[in-house]
Q: 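The structure is given below, and queries will be raised subsequently.
Letters go in sequence order (proteins before strands), and every chain restarts at 1. Note that the structure is a prediction, hence the values are computed from the model and not measured.
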Amino acid sequence: MTVLITLPDGSERKYDDGVTGFDIASDIGPRLAKAAVAVTVDSVMYDLHRPIASDAAVSIVTENTEAGRHVMRHSAAHIMAQAVLELFPGSTFAIGPAIEDGFYYDFSVDRPFTPDDIEAIEAKMLEIVAADQPFERGELEIADAITQFADHPFKVEIIRGVDADEGVDDTTVSTYRNDGFLDLCRGPHLPSTGRLTAFKLLRSAGAYWRGDENNPQLQRIYGTAWESQKALEEYLVRLEEAGKRDHRKLGAELDLFSFPSELGSGLAIWHPKGGILKTVIEDYSRRTHRNGGYDYVVSPHIAKADLWETSGHADFYAENMYPQMELDGSDDKDGQAYVVKPMNCPFHILVYKSSIRSYRELPMRLFELGTVYRYERSGVLHGLLRARGFTQDDAHIFTTEAMLADELNTLLDFVLMVLRDFGFEEFEADLSTRPEKFVGDVDAWGRAEAYLAASLDKAGLDFQIAAGEGAFYGPKIDIHVKDAIGRRWQLSTIQVDFGQPENFKLEYATAENTRERPVMIHRALLGSVERFVGVLVEHHAGAFPMWLSPVQATIIPVADRHQGYAASVGEQLNKAGIRVEVDTADETVGDKIRKAITQKHPAVIVVGDNDVAAGTAGLRLRGDEHEERGVAVDTVITRLVELARPPR
RNA sequence: GCCGGGGUAGCUCAGGGGUAGAGCAACGCACUCGUAAUGCGUAGGGCGCGGGUUCAAAUCCCGCCUCCGGCUCCA
């Protein structure tokens with residue numbers, strides 16, 4: 001018997017059946033054979049040495065591709081589990097997948113791993129790699145597999161849950177063995193442990209079995225693996241570079257904000273420079289919303305608990321809300337319960353309800369920079385990206401269902417315009433659809449989901465459907481941006497709400513003078529201003545576009561006798577709206593320039609004797625290698641004003 | 001909240017039972033300087049907080065606070 005193998009370039013080759021991916025790769029060339037880690041057979045991944053039984057489209061998976069690294073990392077996870085089970089008798093293992101840039105494996109052990117343990121495990125792994133043990137695929141009937149893994153309850157649970165999709169079929173599972181170590185696994189794996197060329201264990205952490213905190217907590221070890229030592233080192237450098245962008249670190253270095261422990265977890269104070277940054281962003285937000293047809297409203301930070309009963313938050317959002325406080329009580333009468341607001345929507349609804357509304361007023365767009373407080377569990381706080389108090393650029397749009405589609409289209413364009421203004425270029429969206437528990441009627445949900453999808457299409461935005469991930473009151477779009485080093489951040493959210501108009505009995509008068517219920521859209525574009533600043537800091541690595549930069553120009557007098565002139569240039573720039581600092585420190589010019597550059601100031605202006613005489617200045621813009629000398633002060637002002645102009 | 005690892009001068013970090021150190025920053029003096037660190041000097045610390053053990057605790061033990069990395073959740 002022969003099999004006909006079709007290669008990715010369309011060429012066909014005949015082999016005896018039982019030919020393996022490795023044979024084919026060797027046939028094509030020795031370098032390919034050397035780089036091969038697995039093979040794709042009719043889009044199913046096979047081990048390199050697994051026989052191919054019938055005609056198939058085959059492509060060789062090499063180690064320097066994402067698919068190849070995935071195989072390698074998965075094998076690395078196995079080798080790690082092998083090392084752990086050897087070093088920690090009595091321990092058992094759960095799951096160990098490849099993940100982006102690495103892998104992990106979850107274990108149940110007597111005690112958590114220490115950093116020394118991690119080193120020992122890494123050393124043991126190196127031994128296993130040096131031994132170059134082949135990975136051998138096998139298949140087991142489910143009943144046999146359960147016997148085989150009887151000592152490993154998590155494996156048994158996995159085997160019991162296996163369906164035809166995961167197993168070989170619905171009665172058989174595949175296993176991999178190298179040396180004495182057997183693991184349940186779909187594969188494929190590297191041909192042998194020796195092919196794991198570069199890896200490093202990174203950290204250990206607790207992780208609940210199946211991600212549920214009601215389950216036992218396992219010990220997870222994270223690692224990374226690459227096709228070469230060089231690629232591994234490059235990855236570690238990348239991690240380091242990302243660390244340098246950390247907004248908490250840069251926030252302190254650039255003197256933007258801090259989290260003093262006297263305040264409490266998750267609560268930031270904004271220093272003057274951060275205060276300017278936040279204000280500039282908020283001013284931009286107010287301006288663009290006003291121009292986008294929104295009305296600005298303001299609401300208080302606390303409200304009667306009853307309001308949150310009506311809105312439903314007291315039920316479904318209780319765990320994120322701070323405890324009630326009782327006000328206005330006395331010995332004779334009970335007080336009134338109040339709570340701090342975790343959201344702005346009920347207030348905007350009350351604005352809507354403050355008067356009888358006509359269809360002529362819709363869509364009504366109510367916007368607020370609303371500061372909310374949410375209780376977040378201590379372990380999840382993360383600088384500005386996850387805080388307990390923050391300001392949302394929040395708006396609620398009340399519209400008829402007939403106008404919903406148009407409104408969503410307009411809104412999505414508006415969102416993308418705003419995000420682009422802050423320097424983001426790449427976007428992705430999730431469309432979250434009706435969950436099991438929901439309010440409103442199924443048809444209305446269907447229509448709303450269709451409108452959302454259509455608006456995404458119209459905006460040309462790539463999106464994924466997150467089935468069943470919508471809020472119980474309506475479907476939503478979440479928009480993610482990609483930052484300068486390729487990380488994704490969720491910023492904007494657009495949520496259709498059928499529930500609140502119902503809860504608050506909202507109405508409008510139609511042209512026929514009947515009463516209809518409006519549809520509500522909740523939407524935040526920057527999301528939280530705090531979080532947005534955090535993302536901006538990381539995206540720009542602290543070097544903000546000039547219109548956002550807290551200090552836009554530093555003026556450096558060459559010697560003390562130039563201070564008067566420096567101050568006058570500073571005053572002129574200040575009058576022109578440029579945020580400027582004059583550095584009068586008793587230091588050398590070089591030192592002061594270095595400080596200005598380190599602080600990421602966009603423009604450095606040096607003035608000396610020649611400038612005083614000629615009414616000029618030396619100008620050095622961020623990113624330029626050299627300065628320009630003798631630029632007329634008027635020209636400096638015109639140019640900087642132009643560079644500092646906000647996008648709108 | 002749970003599991004690890006941290007908290008020593010404004011910042012980055014040494015020191016791990018005998019009473020606290022460096023670099024940078026700050027301040028002072030000299031230098032008056034033309035595009036990424038001028039030199040010299042000075043000051044600065046209840047070693048996160050509270051207990052305990054000890055002749056003696058930054059150091060060992062217990063509790064708490066807080067930060068970092070994860071789990072879960074999310075703007």
Q: Looking at residues at least two apart in the chain, or sitting in another chain, which of them share a salt bridge (Lys or Arg N to Asp or Glu O under 4.0 Å) with A/R248?
A: A/D246
Q: So, using salt bridge (Lys or Arg N to Asp or Glu O under 4.0 Å) as the criterion, who are the partners of A/D117 when residues are at least two apart?
A: A/R111
Q: Identify, residue by residue, the members of residues 601-613 of chain A with a heavy atom below 4.0 Å from RNA chain B, and return them in order of residue number, or none.
A: A/V606, A/G608, A/D609, A/N610, A/D611
Q: Of all residues at least two apart in sequence or in a different chain, which pass the salt bridge (Lys or Arg N to Asp or Glu O under 4.0 Å) check with A/D413?
A: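 Result, salt bridge (Lys or Arg N to Asp or Glu O under 4.0 Å) vs A/D413: none returned.
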Q: Quick test: give all pairs of protein nitrogen or oxygen and nucleotides 3-5 of chain B nitrogen or oxygen below 3.5 Å, distance rounded to 0.1 Å.
A:
residue : atom : partner : partner atom : Å
B/C3    : O4'  : A/Q217  : OE1          : 2.7
B/C3    : O2'  : A/Q219  : OE1          : 3.2
B/C3    : O2'  : A/Q219  : NE2          : 3.2
B/C3    : O2   : A/G206  : N            : 3.2

Q: If a pair satisfies salt bridge (charged side-chain N to carboxylate O under 4.0 Å, His left out) and one of its residues is in residues 380-396 of chain A, list it, with sequence neighbours excluded.
A: A/E376-A/R386
Q: Show the distances under 3.5 angstrom between N or O atoms of the protein and N or O atoms of nucleotides 72-75 of chain B.
A:
residue : atom : partner : partner atom : Å
B/C73   : O2   : A/R386  : NH1          : 2.5
B/C73   : O2   : A/R386  : NH2          : 2.3
B/C73   : N3   : A/R386  : NH1          : 3.0
B/A75   : O3'  : A/Q490  : NE2          : 3.1
B/A75   : O2'  : A/R531  : NE           : 3.4
B/A75   : N6   : A/E376  : OE2          : 2.9
B/A75   : N6   : A/A387  : O            : 2.9
B/A75   : N1   : A/A387  : N            : 3.2
B/A75   : N1   : A/A387  : O            : 3.3

Q: Who pairs with A/Y296 by ring-ring contact (aromatic ring centres under 6.0 Å, His included), at least two apart in sequence or on another chain?
A: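 A/Y296 satisfies ring-ring contact (aromatic ring centres under 6.0 Å, His included) with A/F367 only.
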Q: Name all residues meeting the side chain to side chain donor-acceptor pair (under 3.5 Å) criterion together with A/E469; count only those two or more places apart in sequence or in a different chain, and write none if there are none.
A: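 Checked A/E469 against side chain to side chain donor-acceptor pair (under 3.5 Å); zero matches.
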Q: Shorter than 3.5 Å, N or O on both sides, protein versus nucleotides 7-13 of chain B: list them out with atom names.
A:
none

Q: So, using salt bridge (Lys or Arg N to Asp or Glu O under 4.0 Å) as the criterion, who are the partners of A/R210 when residues are at least two apart?
A: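 Partners of A/R210 by the salt bridge (Lys or Arg N to Asp or Glu O under 4.0 Å) criterion, ordered by chain and then number, come out as A/E157.
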Q: Show me the protein contacts with nucleotides 58-62 of chain B, counting only N or O atoms at under 3.5 Å.
A:
none

